[in-house]
Each structure stands twice: as structure tokens, then as C-alpha cells.
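For ligands, and for the atoms within them, numbers begin at 1 and follow the listed sequence. Numbers here simply count residues along the sequence, with the first being 1. Since the structure is predicted, the reported quantities are computational estimates derived from the model, not experimental observations.
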Amino acid sequence: MSNTRYGSVRMKGVVKKHGNFTALHGMDLAIEPGEFFVLLGPSGSGKTTTLRILAGLEEVNGGSVWLDDADVTHSQPGERDVAMVFQSYALYPHMTVAENIAFPLKMTGTPQAEIQKAVADAAAKVNIAHLLARRPGQLSGGQQQRVALARAIVRKPRLFLLDEPLSNLDAKLRIETRAELKRLQRSLGVTAVYVTHDQEEAMTIADRVAVFMEGRLVQIGTPKDIFLRPATVAVAGFIGTPPMNLLPARIEGNRLLVGGAEFATEASLAATSRDVTLGVRPGDLRLADRGIPAQVRFVEDLGDSLIVHLAVGEHTVKLKTEPDGPPLAEDQPVHLAFASKAAHLFDRATGERL
Ligand SMILES: Nc1ncnc2c1ncn2[C@@H]1O[C@H](COP(=O)(O)OP(=O)(O)OP(=O)(O)O)[C@@H](O)[C@H]1O
Ligand SMILES: [Mg+2]
């Protein structure tokens, strides 16, 4: 748990423009002390912009930014008590690891004896104590990434800003490192704002996630909230591996009409007949005797599961199933069914969840 009530973040109506392009359209965000908070969204949605605004590296065109009780909207980066870790690590190549880690303390005029102890502590926390005399060019990618982390934690900032810090690591190291990163953040009790476009990474590391789309926040919640109840079609189509299947459908009374088939729907939704988008997760679809007519395109074998790619009219649908079912042939006609509680319904016109 957080050892402090220190490190809350507020963004109020923040607008950011690059020329006549609006990168953030009035961002409202509240992050609590000690949270591991992830900014998730597709490329170009405004995640890095948001992080740079929090760091003080970008001016805003409207709204305000608060750290704890202070309005820092126009404060310099050095006045904010935040540390940022970039995707590129941004280490100084001519300095040793120890000098790199010590750099932020040197800048603030910390006494030498204190610096040595702080560097040793930070290096120990990320398991690089044995590398202090080397230069960045003599380190692996994963080791460089730890140096960048040690440099970020050495000042004991109240806020840790991380922009895709693991994206240069291979898949296995990335999974190990993200677990360590979360342990480190917990043990320091520091608030972390972490940017990624990898939804799987977001779901495993976050206390809460904010989903960005085109410079707007479309949903904030725990990973579970967002997985179980995506707020819009766009979020639904972004979360999950593979993501949710989306098909045009219609509600008529208490019936849901989709792909020429008919299902019962929840009475609460039956008040008005209307066009909807139906979402069903690949793992919630099953092959059945009756249901939506579909045709097998091909089967992807992941070892512990199969992803069956299917055509429903002109739409592609994926079904995730156990590997030990009956064999499926290319072009084989099948039917798809799902439990009514597995259906996610969105307004066709607005994309909002019903
Ligand atoms: N200096 C700039 N001048 C003009 N446009 C910019 C500038 N910086 C960012 N943008 C634009 O603002 C939008 C948001 O950029 P941002 O870097 O925040 O995206 P992102 O969500 O971090 O994407 P990625 O996942 O690719 O890193 C993008 O459309 C980008 O092209
Ligand atoms: Mg970015």
C-alpha cells in the first residue's frame, strides 16, 4: 500500500493544440496517491502529450494541472518533483552507470556522501549494483532500462512518469520487468503514470486504466471494469486478445436479430426497437446446431487454444476454443451461439454502450 497521501494528480479541462491540430480536447483526470495508473490508447491518441504535460515539458492551451494541492500548470519541470522514464532511456553515453544515476542529485546540489548512498540504494533496488562502473554502451537493453529506472527513483519523486519504458525489451524480459516494476512502485509508495499502447500490458500492470481515443478520454476504470463493460464500441474493439467481435444487429421487442438469427435479449433493453452493434468476446462464442450462420475461414492453433476465423456475411468473426474439439475444415458451414449475458450492446449511431 501507499505509505503516504502524497502524489495525487488532477488535470482539469486540459486542452493541447499543435498548430491548428487539437491533440487533447479538454482532459479531466484524477489520479490518487500511490496508484499505478495506465494511459492506454492507439497510436496518436494523446498519451505521450498528456505525460509531457504532467512533466512540465509541454505548455497547455487551456485548463489546469494540479499535483497534490498545488496548481503546477505553469511550473517548470524542475519545480514539480516528478521523474520521467522514456522509451529511449535517454542515458548519457559518456558517463558511467553510477554517474548517470547520480545526475539528478548532482543537479540539485546534493552533498557527495549523500549521493553515493542514494546511488547505491537505487542501484540495489533494480539489481544493477554490479554494473555501476560501466558505461551505457556496455550494457544490454534490459540493463540500460534499469539504469533509467534507478535514475528516476534516486530523487524519491512523488510522481513517476513512464512512457512505454519496456517497449525496447524482448517479450519475455518485458513480462518479467513489468512485474518487477510494479513491485518497485509499490515498495516506494510512489504514484506512477504509465503509458502504453499494449492493452495486454495495461491490463496486467494497472490499478486503473484510462483509455484514450483521438485526444479524448473514453473510459476510466479498473482493468476488470474495462474488460467486462467497455463503454464504447471503440474500447470494445481495442481490448482483449483477440478483441471483441462486433456485428451489426437489431433489437426488436425482446429479440436480438443478428446475421439472420434470433436470440433472446434482456427485458431491460427491450423498451425501444433500434439498430445496435453487438459485441461478443471470442471466448464467449461457441459452435452450435442453431444460431448465426457462418463459414470457417481458417484455424489458428495457439497450442493451449484455437482461434477459429469465420465469415459472417462480409464480416470476420473470431472464436476462441479449446484445442481438443472436433476438427474444422476450411469453408465448412457452422452456426454460432452465445449466452445472452455475454452480449455487449452498443448504440449503432453513437457507439455508446446501452
Ligand atoms: N510537436 C507536434 N506537432 C504537431 N503534432 C504533434 C506534435 N506532437 C504530437 N503531435 C500529434 O498529436 C497527437 C498525439 O500525439 P502523442 O505523441 O501524444 O500520441 P501517443 O498516444 O503517445 O501515440 P504513440 O502510441 O504513437 O506514441 C498525434 O496525432 C501527433 O501526431
Ligand atoms: Mg507516445
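For the pair Leu67/Asp81, no side-chain contact is recorded, criterion being any heavy-atom separation below 4.5 Å from C-beta on. Val97 has its side chain out of reach of Arg135: every pair of non-hydrogen atoms, C-beta onward, lies at least 4.5 Å apart.
Residues Tyr92 and Phe103 place their aromatic rings such that the two centres sit under 6.0 Å apart.
Considering backbone and side-chain atoms alike, Gly44 places an N or O below 3.5 Å from some N or O of ligand 1. Close N/O approach between Phe21 and ligand 1 is not found [any backbone or side-chain N/O within under 3.5 Å].
From the protein, the heavy atom lying nearest to atom 27 (O) of ligand 1 is Thr48 OG1, 3.9 Å. Nearest to atom 6 (C) of ligand 1 among the protein's heavy atoms is His18 CD2, 3.2 Å. In terms of protein heavy atoms, atom 26 (O) of ligand 1 is closest to Ser43 OG, 2.5 Å.
Of all atoms in ligand 1, numbered sequentially from 1 with element shown, those under 4.0 Å from a heavy atom of Ala23 are 12 (O). In summary, the atoms of ligand 1 found under 4.0 Å from a heavy atom of Thr49, numbered by their order in the structure, are 14 (C), 15 (O), 16 (P), 18 (O).
Note on Val218 and Met244: separate hydrophobic clusters, where clusters join Ile, Leu, Val, Met, Phe, Trp and Tyr whose side-chain heavy atoms are under 4.5 Å apart, directly or indirectly. The same ILVMFWY cluster, assembled from side-chain heavy atoms under 4.5 Å apart, contains both Val193 and Met27.
The closest approach between any non-hydrogen atom of Gly46 and ligand 1 is below 4.0 Å.
Residue Ser43: no N/O/S atom is found under 2.8 Å from the Mg ion (ligand 2).
There is a protein heavy atom less than 4.0 angstrom from atom 2 (C) of ligand 1.
The environment of Arg250 atom CZ is dense: over 12 non-hydrogen atoms of other residues, nucleotides or ligands sit within 6.0 angstrom. For Asp69, the CG atom is loosely surrounded, since the number of other residues' heavy atoms within 6.0 Å does not exceed 12.
When His197, Lys16, Lys47 are checked for heavy-atom proximity to atom 25 (O) of ligand 1, Lys47 turns out nearest.
Salt bridge annotation for Glu180-Arg146: present, with a cationic side-chain nitrogen under 4.0 angstrom from a carboxylate oxygen.
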